[in-house]
2 protein chains.
Amino acid sequence: MIERKTLKDIAKDLKLSVSTVSKSLSDSYEISESTKKLVKEYAEKHNYIPNKVARTLKTGKTNTIGVIVFNISSTFISQILDGIHKASQLEKYDIIIMQSRDDVNLEKHAIEVLRIRGIDGLLISPVSYNSNFNQLRDLQDSGIPVVLFDRVNHNIETHKVGIDNKLSAYEATKHLLDSGKKNILHITAKNIGVTADRLLGFKKCLKDHQIEFDNNLYLECDYGKHDEIEQSITKKLKFLKSKNIKVDAIFGATDDITTLTLGILAEMNIDVPREISVIGFSNIRIPNSLNPSLSTVVQPTEEIGMVAFQKLLEIINSKYPKEEFETIELKTKLIPRKSTLL
Amino acid sequence: MIERKTLKDIAKDLKLSVSTVSKSLSDSYEISESTKKLVKEYAEKHNYIPNKVARTLKTGKTNTIGVIVFNISSTFISQILDGIHKASQLEKYDIIIMQSRDDVNLEKHAIEVLRIRGIDGLLISPVSYNSNFNQLRDLQDSGIPVVLFDRVNHNIETHKVGIDNKLSAYEATKHLLDSGKKNILHITAKNIGVTADRLLGFKKCLKDHQIEFDNNLYLECDYGKHDEIEQSITKKLKFLKSKNIKVDAIFGATDDITTLTLGILAEMNIDVPREISVIGFSNIRIPNSLNPSLSTVVQPTEEIGMVAFQKLLEIINSKYPKEEFETIELKTKLIPRKSTLL
DNA sequence: TTGTATGCGTTATCAT
DNA sequence: ATGATAACGCATACAA
């Protein structure tokens, strides 16, 4: 077992003081070139690694930011994490990721763990509207800035980075209507904020086209478990069929819902898009491999992550945190594919 | 901006010494119940949060483990991360994730960053056979244990957690042969260790069935970019067709390759499985939504993550690291679906 | 039972 | 140009 050298060790070896060594390594103007060279070469040779923990204790900066998401292994989230990660690497920040699993208490715990461990800032996609408002507020008050991403309709005052859910949903709905569909089944997840806005956009588009919203053509699933989502959708479709209520298109409000819907329709031998068109919010990387290839509203996930990080950094580095916060809404892309083409 | 209280603050407020306060909070037997109560209640009331950095500096334990993967946003990897995360939460460990992006130099950098930051152990899915062997070895020598997962055929001596790639590939191949297929195109990624083993299993199965391996029925793609993979596969299929070389099944050696293949076959109007059967290693969560639903070799990703973490913890907590390391091969599941059923 | 003193490794201030 | 010293917040050996 090889011990790591410390400044003290180097100082002793070179018969210098600790402070001289420290200053040499940080290239201080106070130190002569010859000494600097001596120290640096010695440190290099002996593979000196500064102790970041000690440095953090001294400086108060952890160079770490915390990230809280509902689930690491969601395609959508992992793409955002990828963006955060890229941006953080450029700035020499480390990220610590915690999962809330869409549970307010786990979210509270995650915030607490990060606070205890010490972070310079927090990026969070909150569980719900105002979840753990006080904890987040406390965090801000103790000097640790917070930036929201993805689920931006939380009441806390800070920068927020997401998309215009209402507009994106409006456009997707319009796409269906424009292709002649009239009876659109809206399948969504229990209110996770963004889905509420998507529903608003959906309804507004119907209204603008003089179509009345029909509660029969609305389904709200429990978020999370695939099996349950599949069952709900299957049940709903069967119910509609039994009632002779026509459906000629489906709007899927989340990644999982949309893709699962396609699977179910295939299973039920329903012809997509001839019988039923499908469009949905989705960031999966293989829409073309789906049955049939899925028309999607694609979010700029990587950009969301990067922008959120940059905004956070902005606050961290601003001495006097300005009171003006922005909510940034990035553009989504509507990509029509076979599931809506006739 | 609210300042956090320290032990010193509490001591001053309560007119006690720092050590009394420290001991009280850690429930030391040396302190009277009344004092403990006083201190604890005061700390609670004033929302005292211990400074973990200081504690780490003192104790030398960071309670953090590093994880290095090639890409956070791979479905397969994010599922493993999920497992690691779950296990780490139970043990009050934090995880710091770094990406190698399948680049030896980035991997080296990631190891270095983690070493500097301070971790109690490292979980890594290495870029390649023996990548950064010396860095990892140094890490171990300096008392930071390393456990490999997923890509376990690296020469370093430690615990390794993965699957039996050769056997799994053998069984998948057998499944194709059993259903009457004979001309199987093996599509794989440039050697990332595991794929080499999968090829071995594939070849062995052919041999056991007296079928000669045909180099024409082998395609190696560049790992990573979807577009390039798609192009390679399309080109290969067209080439085989032009040469009148029959293909009645495809074996996909990685997640991406397999799903992309399905998309391409649909695009080319090739009937799956009648014309061509498809099976592949894949951990996507929506195989049923694919066109047609994909037969898969599924890895126990969450378990891989959890076991790897537990093994790492074992080494961390063992005072005298035993020299006996195991390579754990978890079971995969072969799930036949429509893409191989006739 | 409580308090004092020391050190973890670094940085920063103030001598020399 | 270099060095001595204190301090960051905590834990702990030792004293009282």
Side-chain angles (χ1 to χ4, degrees), chain A residues 2-40 42-43 46-64 92 115-120 142-144, chain B residues 2-40 42-43 46-64 92 115-120 142-144:
Chain A
I2 300 161
E3 298 290 339
R4 269 164 61 163
K5 288 229 178 231
T6 67
L7 288 184
K8 204 202 253 177
D9 297 329
I10 297 180
K12 197 165 64 182
D13 295 351
L14 296 180
K15 301 198 195 329
L16 289 169
S17 75
V18 172
S19 44
T20 302
V21 175
S22 171
K23 286 171 187 167
S24 297
L25 290 175
S26 57
D27 217 22
S28 163
Y29 66 94
E30 302 174 80
I31 306 296
S32 72
E33 284 307 320
S34 56
T35 307
K36 277 196 219 173
K37 190 168 173 235
L38 176 72
V39 173
K40 283 181 181 171
Y42 189 85
H46 289 80
N47 198 18
Y48 166 74
I49 297 170
N51 183 321
K52 223 178 172 181
V53 176
R55 183 179 287 165
T56 294
L57 181 60
K58 184 67 190 171
T59 63
K61 288 240 338 172
T62 62
N63 271 281
T64 303
K92 311 268 181 201
R115 183 209 284 273
I116 290 177
R117 146 162 287 276
I119 50 175
D120 294 343
S142 64
I144 299 174
Chain B
I2 300 162
E3 298 289 341
R4 269 164 61 163
K5 289 230 178 231
T6 67
L7 288 186
K8 204 201 254 176
D9 297 330
I10 298 180
K12 197 164 63 182
D13 295 352
L14 295 179
K15 301 200 195 329
L16 288 170
S17 75
V18 172
S19 57
T20 302
V21 175
S22 171
K23 286 172 186 167
S24 297
L25 290 174
S26 56
D27 216 23
S28 163
Y29 65 95
E30 301 175 75
I31 306 296
S32 72
E33 285 305 322
S34 57
T35 306
K36 277 196 218 171
K37 190 167 172 237
L38 176 72
V39 173
K40 281 181 180 171
Y42 189 86
H46 289 80
N47 198 20
Y48 167 73
I49 297 171
N51 183 320
K52 224 178 172 182
V53 176
R55 185 180 283 163
T56 294
L57 182 59
K58 181 69 189 171
T59 63
K61 288 242 337 172
T62 62
N63 270 281
T64 302
K92 309 269 181 200
R115 180 208 287 271
I116 291 177
R117 148 162 286 276
I119 49 174
D120 294 343
S142 64
I144 298 174

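Just so you know, these numbers use all the heavy atoms, side chains as well, and skip hydrogens, waters and symmetry mates. Lettering follows sequence order; numbering is per chain, from 1.
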Can you tell me the distance, in whole Å, between the [atom1] atom of [X] and the [atom2] atom of [N]?
| X | N | atom1 | atom2 | answer |
| --- | --- | --- | --- | --- |
| A:Arg4 | C:dC8 | CZ | P | 15 Å |
| B:Lys36 | C:dT1 | NZ | P | 9 Å |
| B:Asn51 | D:dA7 | CG | P | 18 Å |
| B:Leu57 | D:dA7 | CG | C1' | 12 Å |
| B:Asp27 | C:dT2 | CG | P | 13 Å |
| B:Lys52 | C:dC8 | NZ | C1' | 17 Å |
| A:Lys61 | C:dA12 | NZ | P | 13 Å |
| A:Leu25 | C:dT11 | CG | P | 8 Å |

Sequence neighbours excluded, which residues qualify as side-chain contact (heavy atoms from CB on, under 4.5 Å) partners of A:Thr56?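 side-chain contact (heavy atoms from CB on, under 4.5 Å) check on A:Thr56 returns A:Thr62, B:Val53.
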Should [X] be listed as having a side-chain N or O under 4.0 Å from OP1 or OP2 of [N]?
| X | N | result |
| --- | --- | --- |
| B:Ser17 | C:dG3 | yes |
| B:Ser32 | C:dT1 | no |
| B:Arg55 | D:dA11 | yes |
| A:Lys8 | C:dC8 | yes |
| B:Tyr48 | D:dG9 | no |
| A:Ser22 | C:dT10 | no |

For the backbone of A:Arg55 and the side chain of A:Thr59, can you confirm whether one donor and one acceptor N or O come within less than 3.5 Å of each other?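 The answer is yes, because a donor-acceptor pair under 3.5 Å joins these two groups.
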base_contact_polar (C:dT11 base, A:Lys58 side chain, donor-acceptor, <3.5 Å):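 Answer is yes: a donor-acceptor pair is held.
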Mind checking the NZ-CD1 spacing from A:Lys40 to A:Ile31? Nearest 0.5 Å is all I need.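 Going from the NZ atom of A:Lys40 to the CD1 atom of A:Ile31 covers 11.0 Å.
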Which nucleotide wins on minimum distance to the side chain of B:Lys23, given the candidates C:dT13, D:dT12, D:dC10?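 Nearest to the side chain of B:Lys23 among the choices is D:dT12.
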Between B:Thr35 and A:Val18, which has a closest nucleotide on DNA chain C that is more 5'?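 The 5'-side residue here is B:Thr35.
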Earlier contact from the 5' end, DNA chain C, for A:Ser19 and B:Val21: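 Upstream on the strand: B:Val21.
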Contact nearer the 5' end of DNA chain D, comparing B:Pro50 with B:Glu30: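 Whichever sits nearer the 5' end wins; that is B:Pro50.
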Would you mind classifying the nucleic acid contact of B:Leu7 as base, sugar-phosphate or nothing, using non-hydrogen atoms under 4.0 angstrom?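 B:Leu7: backbone/sugar contact only, no base atoms under 4.0 Å.
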Is any side-chain heavy atom of A:Ser34 less than 4.5 Å from a side-chain heavy atom of A:Leu38?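 The answer is no; the side chains never approach within 4.5 Å.
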Quick one: does B:Asp13's side chain get under 4.5 Å of B:His46's, heavy atoms only?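 The answer is no; the side chains never approach within 4.5 Å.
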